[in-house]
Participant: 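Below you will find the structure I want to go over with you.
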Amino acid sequence: MIDFVKRDNNDIFKNSILGFLFKNKKFLLALRIAVTALFFYAIYYGFVNPGRDNIFTGAVFWGIFWALFMVVTLSTFGRIFCGICPHGFLGKYITKFGLKKTMPKWMQNRYIGILILVIGWWGVYYTFDGFWKSAFNTALMFSVLTLLSFIIYYIYKDMSYCKYICPIGTLTRAYDKLSFTKLETYTQHCKDCKTFECANACEYNLKPFTFAKKNQTDDCTLCMDCATSCEAVSFKFTKPAEQLNKKLKILNAEIWTYILILASIPVSMGFAHGLNRSNIAEEFIWNKTAAFFDLTQYAGGFAFLYAVIFTVFFSFLGLFLASKVLKKEFNQIFTTLGIAFIPLFIFASLGHTLEMFFIKDYVKIVEGFAQAFGMSVDVVPLAKRGDAWLHYFKLFKWIGVIWAFIILYKRIKLIDSTKVRKLFGFFFASFAILFYIGLNIYTGYIFSKYGAKARGGHSHGGNASGKMFQTVSFKDATLIQEGKDKTSGVVCGMNLPMFYKTNHSTTLDGKPRQYCSIHCLTEDLKIKKLSLENIKVVDVTTLKFIDAKSAFYVVGSRQKGTMSMVSKYAFANKKDAFVFSKKYGGEVVDFQKAMEKAMEDFKPKKSWGKKASINPKQEFYLSLTDPTAKKKSYGGHMHGGGGKPSSKKVIPTKKLYLAYENRGKKSIYPTKNISFYVFDKNQNQKDIIEENSRGKKVYKFETPSNGYYNIFAIEQTKVDEKSYYKVAKLEHLQGKHGSDDIYTKDIKKELNQNVSKIDLIRIKSEDEDSFFYRLSMGDTLSFKALFNGKPLKDAPLKIKLQSGWVKRFKTDDNGLVNITLIRDYFPNWEDFDKRYKQELMLTLEYEVENEKYILTYPAFYYPNKSDYESYSYGLIILLITSLIGGFIVYRFRKNRTKAFAETRYVK
């Protein structure tokens, strides 16, 4: 044992601060305990709070551990994450008291861990969108891995789980070679060593004094147990990836790791999250394959599969051809040159990880910890998407490409061959690198030529997957606009190829304008009175633009229209128009009459016959949805929503409708003498926006931040000397992900208003601690009735559910009443929908002398979690535990069983 060593200047242990951080035994123990506590608390929190509002569990596992800490440290200091990993930390203690058996050869297979990572994590991530975003799923996965690790630590020695089974064990061993540190010993002090403290201290059965000679650290996790046992151990700064410049033993599994991780992350991301956001996403082979098998909901999984196929193909093809040119064994070329792929994933992920950290992950991490430990913080992102300096992070992937070529150049110099053969070998071996370059260049070309899909929006009456009658592929669409918005309708922002067969075009001051339909053209031409010229329309037969004024329009066919209930399709040939009309119905007209029909969309709708009168006593209510719209609309008009991308910050709004119900039929309530009042989350009174939308009165209020918004609509009428004071109240909880707002107790404070004489206030429960809280069946709701700001006692309150259930209550002396939402949703199990939303309506009445006060209060509620939580997860855990336990018992008994042997005793 060496007690003192004069350390080199590049030795990290020589620096007092770094030496303390990396070597101090007490500090490392405290750090590991803290990380382990955080690890298990995040799992516990995921089980206790499995809903979407749990951001802490995801912040720990997918914000800190992966990818921020893992990617950043792997490319710098190496495997230091493994040194503080909770599994490894506890595994050392479990192994000491375990059976210490040697792991069977069939289990000493590093591909087990690789496949768990590639298929179990990345395959699921791409195939089942949002699966790992679930706090419960995340907690369950890490619970299973923890249980599995503890069992293997107990049975087998030498920390075998970390080497072979751990999903990131082989990954960190492989990518550790890119770091700028190395752990070894001062060999001059080890020559006469006979105690081997460094080797004896290593739970992984490694020999640190051999690392320098072998030019690698094998499965070292940088736990620093060896460094604290002997002063001859060093941890030095080196040139980045210095060991790759010399010969070293590379495992085939490590090269496979480089290839599969390259496929799973940069390439799959390029397919699923890159090209799939373009306007020609449906043209790519993975989406066509998914559509062929009618599995479009799993298109991300097909993108992942093709990414693996393409990456493996180019990697193997290139290395195979290189082996033939260099006249060497394939396995030698595979391990010697395949290591050049190492920077591609690390630098692509490093740039993306850092960019996301500044844009959103920093906020999620801080807010997540604040949420988990009961604190309230106000956090803003460190940067906003689009900030110019963030583009520097996009250079990281190109740094990785350049470095990959440099490593390949240095590695090929280690091969004994002629310069010409090495030149060709270099070219062939770089196929995977060239494929990655090509993917990035091709992605840029696709977005510059075809643009990105418009975000947001929805469609009614068509298939959003692009199979609507109006839709054509991008290669068949003629787009006359220029710039990033060339695929968006100039008025509505809708995707032009998606509604191409109803497209129109014009010029304004010499600049081209393209519309999704004649509806938007009419708005510009007739409503806005723009001086449009050269009006053209798409011929449904040839898909070419023709003169609109000479076209033949089929109006009112059974094919769905765009932006209108009445479809309008144009043809250059009159015969084609009549053939279409005969097949789908509709009337053949000219452009002028089609325009007149389009103008009807902008006129208020009139009632047929005599105008219906409404009883002045009729109560009304506020609704966030159109009461006259069908619940499921598969026909009718379509609109894309979302609009064109804009750099300006748009304040979100909510639509409101004033409705009433008569004999089970819902209608729009006329708003002639009604006053509206809006209170924001800070109880400040705001303006309401009044609009006409297709003949209906629509009201809007701004929701710039998360919180409760209260809206009142008040009408006063008089019938036969009796006054009716009618109020419709709506309490809306705005919840939007990615917001900087923090949920505090102040959010739940009671509204103090003086605009309405009668009020009904819902008293928030202690369980309401999120902007995404939802009322559930079985919940008990507490309300307080007020009249002129004072408690209203003995006031009748009626609750009516969507199912028809009705019950009447009376307020107590304090104006309070408690109502329990009954469970009345009992479909067959296979038809159960946990997102099933049911309406309830509360009606509060109060009468004094010749005045009657009526207040309506609508709300929604959902099935209770306990009504749909499945026991399948528990059964899976029980099954896995039983299988593992049975296997342990079997192996233990088998190893202890010995064949009968005859024994003779000699006198």
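As the structure is a computational prediction, the values presented were derived from the model and not from experiment.
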Participant: Which residues satisfy the side chain to side chain donor-acceptor pair (under 3.5 Å) test with Trp121, sequence neighbours excluded?
Facilitator: none
Participant: Please confirm whether the backbone N or O of Trp132 pairs with a side-chain atom of Thr138, one donor and one acceptor, at under 3.5 Å?
Facilitator: yes
Participant: Less than 4.5 Å apart, side chain to side chain, heavy atoms only: is that true for Ile415 and Ile333?
Facilitator: yes
Participant: Between Phe77 and Phe235, does the ring centre distance come in under 6.0 Å?
Facilitator: no
Participant: Assess whether side-chain contact (heavy atoms from CB on, under 4.5 Å) is satisfied between Arg411 and Ile339, documenting all intermediate values.
Facilitator: CA-CA 8 Å; Arg411 297 296 296 174; Ile339 201 171; 3.6 Å; yes
Participant: Over all heavy atoms of both residues, which pair between Cys82 and Thr172 is shortest? Give the atoms and the distance, please.
Facilitator: SG-OG1, 3.4 Å
Participant: Within a 6.0 Å radius of atom CZ on Phe373, are there more than 12 heavy atoms belonging to other residues, nucleotides or ligands?
Facilitator: yes
Participant: Distance-only, no hydrogens or angles: does the Asn200 side chain make a donor-acceptor pair with backbone N or O of Thr195 under 3.5 Å?
Facilitator: yes
Participant: Sequence neighbours left out, what passes side chain to side chain donor-acceptor pair (under 3.5 Å) with Lys163? Give chain and number order.
Facilitator: none
Participant: Would Phe334 and Ile259 satisfy side-chain contact (heavy atoms from CB on, under 4.5 Å), going step by step from the backbone distance to the final call?
Facilitator: CA-CA 11 Å; Phe334 185 72; Ile259 295 172; 4.0 Å; yes
Participant: Among Tyr258, Trp403, Tyr175, find the one that has a ring pair (Phe, Tyr, Trp, His ring centres under 6.0 Å) with Phe345.
Facilitator: Tyr175
Participant: State whether Lys236 and Asp11 are salt-bridged, where the test is any N-O pair (Lys NZ or Arg NE/NH1/NH2 against Asp/Glu carboxylate O) under 4.0 Å.
Facilitator: no
Participant: Which heavy atom of Ile55 sits nearest to which heavy atom of Gln371, and what is that distance?
Facilitator: N-OE1, 3.1 Å
Participant: Which heavy-atom pair separates Ala135 from Asn54 by the least distance, and what is that distance?
Facilitator: CB-ND2, 3.3 Å
Participant: If a pair satisfies side chain to side chain donor-acceptor pair (under 3.5 Å) and one of its residues is in residues 335-346, list it, with sequence neighbours excluded.
Facilitator: none
Participant: Can you check whether Phe431 and Phe313 have ring centres sitting under 6.0 Å from each other?
Facilitator: no
Participant: With sequence neighbours excluded, tell me which residues meet ring-ring contact (aromatic ring centres under 6.0 Å, His included) with Tyr436.
Facilitator: none
Participant: For Ile346, does its backbone N or O pair with a side-chain atom of Ser349 as donor and acceptor, under 3.5 Å?
Facilitator: no
Participant: How many angstroms lie between atom OG of Ser160 and atom CD1 of Ile155, to the nearest 0.5 angstrom?
Facilitator: 10.5 Å
Participant: Only one of Trp62, Phe47, Phe40 passes ring pair (Phe, Tyr, Trp, His ring centres under 6.0 Å) with Phe142; say which it is.
Facilitator: Trp62
Participant: Going by side chain to side chain donor-acceptor pair (under 3.5 Å), name the pairs with one or both residues in residues 304-319, residues two or more places apart or in two chains.
Facilitator: Thr289-Tyr306
Participant: State whether the side chain of Ser134 and the backbone N or O of Phe131 hold a donor-acceptor pair below 3.5 Å, judged by distance alone.
Facilitator: no
Participant: So, the side chain of Asn10 versus the backbone of Phe237: is there a donor-acceptor pair under 3.5 Å, distance only?
Facilitator: yes
Participant: What verdict does the side-chain contact (heavy atoms from CB on, under 4.5 Å) test give for Thr170 and Trp256, after you've listed the backbone C-alpha separation in whole Å, the side-chain angles of each residue and the deciding distance to 0.1 Å?
Facilitator: CA-CA 10 Å; Thr170 302; Trp256 269 109; over 6 Å; no
Participant: Sequence neighbours left out, what passes ring-ring contact (aromatic ring centres under 6.0 Å, His included) with Phe396? Give chain and number order.
Facilitator: Phe393
Participant: Given side-chain contact (heavy atoms from CB on, under 4.5 Å), test Phe357 with Leu68 step by step and report yes or no.
Facilitator: CA-CA 8 Å; Phe357 174 78; Leu68 182 63; 3.8 Å; yes
Participant: Does Tyr298 have its ring centroid less than 6.0 Å away from the ring centroid of Phe128?
Facilitator: yes
Participant: Mark yes or no for whether Lys397, through its side chain, and Phe347, through its backbone, hold a donor-acceptor pair below 3.5 Å.
Facilitator: no
Participant: So, for Cys198 and Pro208, which heavy atoms are closest and what is the spacing to 0.1 Å?
Facilitator: SG-CD, 3.9 Å
Participant: Per the salt bridge (Lys or Arg N to Asp or Glu O under 4.0 Å) rule, what does the pair list look like for residues 59-82, sequence neighbours excluded?
Facilitator: none
Participant: Do Ser268 and Trp122 have side-chain atoms, one donor and one acceptor, less than 3.5 Å apart?
Facilitator: no
Participant: Applying salt bridge (charged side-chain N to carboxylate O under 4.0 Å, His left out), name anything that partners Glu184, two or more places apart in sequence or on another chain.
Facilitator: Lys182
Participant: Which atom names give the shortest non-hydrogen contact between Tyr93 and Phe89, and what distance separates them?
Facilitator: CD1-O, 3.2 Å
Participant: For residues 199-225, which residue pairs qualify under ring pair (Phe, Tyr, Trp, His ring centres under 6.0 Å), counting only residues two or more places apart or in two chains?
Facilitator: Phe196-Phe209
Participant: Using the test side chain to side chain donor-acceptor pair (under 3.5 Å), find all partners of Lys177 that sit at least two apart in sequence or belong to another chain.
Facilitator: Glu254
Participant: How long is the gap from OG1 on Thr127 to CD1 on Ile119, to the nearest 0.5 Å?
Facilitator: 10.5 Å
Participant: Atom NZ in Lys213, atom OG1 in Thr187: separation rounded to 0.5 Å?
Facilitator: 11.0 Å
Participant: Of all residues at least two apart in sequence or in a different chain, which pass the side chain to side chain donor-acceptor pair (under 3.5 Å) check with Asp218?
Facilitator: Lys214, Gln216
Participant: Would you compute the distance between atom CZ of Phe304 and atom CD1 of Ile265 and round it to the nearest 0.5 angstrom?
Facilitator: 10.0 Å
Participant: Can the ring centroids of Tyr41 and Phe56 be said to lie less than 6.0 angstrom from one another?
Facilitator: yes
Participant: Below 6.0 angstrom between ring centroids: does that apply to Phe61 and Trp66?
Facilitator: no
Participant: How many angstroms lie between CD1 in Ile64 and CZ in Phe39, if you round to the nearest 0.5 Å?
Facilitator: 13.5 Å
Participant: For the pair His87 and Tyr161, name the ring-plane relationship: parallel under 30°, tilted 30 to 60°, perpendicular over 60°.
Facilitator: perpendicular
Participant: Just verifying a value: how many Å separate Leu74 CG and Ile168 CD1, rounded to the nearest 0.5 Å?
Facilitator: 8.5 Å
Participant: Just list the side-chain donor-acceptor pairs under 3.5 Å for residues 13-33, sequence neighbours left out, or say none.
Facilitator:
from, atom 1, to, atom 2, distance (Å)
Lys14, NZ, Asn9, OD1, 2.7
Asn15, OD1, Ile17, N, 3.0
Asn15, OD1, Leu18, N, 3.0
Lys23, NZ, Glu231, OE1, 3.3
Lys23, NZ, Glu231, OE2, 2.8
Asn24, OD1, Lys26, N, 3.1
Asn24, OD1, Phe27, N, 2.8
Arg32, NE, Gly83, O, 2.7
Arg32, NH2, Gly83, O, 3.2
Arg32, NH2, Cys223, O, 2.5

Participant: I'd like to know if the side chain of Ser229 reaches the main chain of Cys226, judged simply by a donor and an acceptor atom lying under 3.5 Å from each other, with no hydrogens or angles considered.
Facilitator: yes
Participant: Can you name the closest pair of heavy atoms from Ser179 and Gly78 and give their distance?
Facilitator: CB-N, 3.6 Å
Participant: Less than 6.0 Å separating the ring centroids of Phe316 and Phe330?
Facilitator: yes
Participant: Which word best sums up how the rings of Tyr125 and His273 line up, parallel for under 30°, tilted for 30 to 60°, or perpendicular for over 60°?
Facilitator: perpendicular
